[in-house]
Amino acid sequence: METLTIDIKKEQEKAQELIKKQGRRILVCASTGCLANGALDIIAKFKELGADAGVLTKEAKMSVIPTGCIGFCEQGCLVVIPDRKLTYVHVKKEDVEEIYNSLKNDTVVERLLYVDPALNKKIVNNEEMNFYAKQTRTAMKNCGLINPESIDEAIAAGAYSALAKVLEKNNQEYVLKEIEDSGLRGRGGGGFPTGKKWRSVNKHQGGKSYVVCNGDEGDPGAFMDRSVMEDDPNKLLEGMAIAAFAVGADEGYIYVRAEYPLAIKRLKLAIKAAEERNLLGSNIMGTNFSFHIHIKEGAGAFVCGESSALIASIEGERGMPRPKNIHMAECGLFKRPTLLNNVETFANVPLIILNGADWFASMGTEGSKGTKTFALTGEVNNTGLVEVPMNTTLRQIIFDIGGGIRNGKKFKAVQLGGPSGGCLTEEHLDMPMDYDQLTKVGAMVGSGGLVVMNEDTCIVEVARFFMNFTCNESCGKCTPCREGTKQMLTILERIVKGEGKPEDLDMLQELGEIIKAGSLCGLGKSAPNPVLSTLKYFRDEYIAHIKDKRCPAGVCKSMTHYEIQADLCKGCTKCARNCPVGAISGTLKQPHTIDQSKCIKCGACLNNCSFKAIITK
């Protein structure tokens, strides 16, 4: 057993005592989304009214604490009063004084409470809020509950306790076995067993080796990794340090896109503070173990989420994938043994070490252990960031946590796994979030993007959107991806314009299979997934576009046919006056008509009709 110069338990107790001095804590979400919504003004107003700044130096009755993302992004700005289990939503600067006075008087500002769409009632107690009650947070456990720029708050919440436990045991095999037995799989998309990867790097230790964190989150609408980096950076740093100990590395890199300035700022602050406390850097906690972490800012290329392209970018080369004939475990960054995992994977490590492998393995399914974070977006009432056990079903996420489909519309589909994922239907709603089961039906967990679609969504247009994204993000190194995605996009664009041909469907299928089989990296191999999955489950919608020249959802403008119903038209002339091309004619107080040869499908007539006389076909 190693003797440490830092008693982390005593440090934790000291930090907790300092937090008690803050009095009643007023938590204000200060993540990227809420900052854009005016969080800094809200924090400043609380301070102006007398709330302490939460600097942990003196006794206070109330302290305002800027936190990371609480997850309920749809309802921002968010103000949480933890001792009262109270959350206020859509808070503006003008609301702060009323909230502050209510806290002094122990009353509630009812107009700022969240209204549950399913129960149709205001929620006074957070434990009654399905959005939170149905979640199980591990990687995001501290997000929204601590000040991410205060290492004392992180230590009070348990930061670096797992690292201290590892260094005290001073046994690499112990760490490797705990990670293996936990069943943790990589949360970056591929789902490779984390323990297996760590052990393969451990076998090549002896000289210089590296630990690299992939924080290059490029999926549209996904922000799971960003939230951990912004909201609990010390958890990521601690997870990387434990990994470095296990594989014999003394240097690490966090590759994070420059479009995440707040994450970069908070990571740098956390690294500096941890080094000053001897929790990172040289001879950590008085041991022979040293680990230095650097930040590498990426330019935002989606392909740099691929491991070999990411490594090339850190080395100063163009971010392009390399053939996998040599494994990164033996020849990675700067041609040295390298361990690479994503943010969420590393964030799970400290809790596995503290609570044990059995604790983590008790959650999820047989093949997919633990929890997973998802960015829940689209046509769902409660959008935001959620973390659930891997055995949770799509139905539970969308209808229990997400509150169901907006405006009483019908559920149609869900795009799971980002632009490289697949589109699933109502028949899949009771499937658990299991890596292997989702792969069998043409989808993937991926990084955790989850886009919900309602009955008004055109599936063909969705496929075109994602194919356009991957086509633009292709690095161009290999022909199947470079040319194949371009050809698939051309066909899809033709179909949504009403110019599709019956043979296009077979061509899309064939191209998709060729691209998956022949592409060099994961971007190309998964790029056809949205098209192939929608062809499988929504083929009738493609046929309607091609054969009937009709978009069932009424989304594709080139196939939209506007008509005026004579029995409902009052002849007010409003539609004619707003038509930009003069396609509508008629006399005052008489039914009007649309000249289809002139109509440009802009929808101005539909939007301006007060009598619902205009329909689309």
Do the side chains of Glu344 and Lys372 get close enough for a salt bridge, i.e. N-O under 4.0 angstrom? yes

Taking the side chain as C-beta and beyond, is there a heavy-atom pair between Glu455 and Ile405 under 4.5 Å? no

Is any side-chain N of the basic residue among Glu180 and Arg199 closer than 4.0 Å to the acidic one's carboxylate O? yes

Return the CG to CG distance between Leu394 and Leu450, rounded to the nearest 0.5 Å. 6.0 Å

Are Thr373 and Arg187 side-chain neighbours, meaning at least one heavy-atom pair lies under 4.5 Å? no

What distance do Cys69 atom SG and Met140 atom CE have between them, rounded to the nearest 0.5 Å? 6.0 Å

Are Glu317 and Arg322 within salt-bridge range, i.e. N to O under 4.0 Å? yes

Does a side-chain heavy-atom distance below 4.5 Å link Gln509 with Val531? no

Atom CG of Asp434 and atom CG of Asn391: how far apart are they, to the nearest 0.5 Å? 9.5 Å

Could you walk me through whether Tyr260 and Thr32 pass the side chain to side chain donor-acceptor pair (under 3.5 Å) check? CA-CA 9 Å; Tyr260 283 179; Thr32 295; over 6 Å; no

Pairwise distance CD1(Ile514) to CE(Met488) - rounded to 0.5 angstrom: 10.0 Å

Any salt bridge between Glu503 and Lys501, counting N to O under 4.0 Å? no

Is the number of heavy atoms from other residues, nucleotides or ligands within 6.0 Å of NZ (Lys335) greater than 12? no

Taking the inter-plane angle between the rings of Phe346 and Trp198 on a 0 to 90° scale, is it parallel (under 30°), tilted (30 to 60°) or perpendicular (over 60°)? tilted

For residues Arg406 and Asn454, determine if any side-chain heavy atom of one lies less than 4.5 Å from a side-chain heavy atom of the other. no

I'd like to know if the side chain of Thr392 reaches the main chain of Pro389, judged simply by a donor and an acceptor atom lying under 3.5 Å from each other, with no hydrogens or angles considered. yes

Between Ile295 and Ile271, is any pair of side-chain heavy atoms under 4.5 Å apart? yes

So that I can tick it off, tell me whether Lys265 and Glu149 are bridged by a salt bridge, with the cut-off set at under 4.0 angstrom between side-chain N and carboxylate O. yes

Going by side chain to side chain donor-acceptor pair (under 3.5 Å), Thr479 matches just one of Lys477, Glu483, Arg482. Which one? Arg482

Verify the distance criterion only: is there a donor paired with an acceptor across the side chains of Ser526 and Asn529 at less than 3.5 Å? no

Tell me whether Lys516 is salt-bridged to Glu513, with the criterion being a basic N under 4.0 Å from an acidic carboxylate O. no

Heavy atoms of other groups near Glu493 CD, more than 12 under 6.0 Å: yes

Interatomic distance, CG@Asn341 vs CE@Met240, rounded to 0.5 Å, equals 9.5 Å

Between Asn382 and Leu376, is the side-chain contact (heavy atoms from CB on, under 4.5 Å) condition met? List the steps. CA-CA 8 Å; Asn382 301 332; Leu376 183 60; 5.6 Å; no

Ile179 side chain reached by Val349 side chain, heavy atoms, under 4.5 Å: yes

We want to know whether Thr138 and Thr371 form a side-chain donor-acceptor pair, criterion being a heavy-atom distance below 3.5 angstrom. yes

Note: Arg226-Asp231 ion pair, threshold 4.0 Å (strictly below): no

The reported gap from CD in Glu306 to CG in Leu520 (rounded to nearest 0.5 angstrom) is 7.0 Å

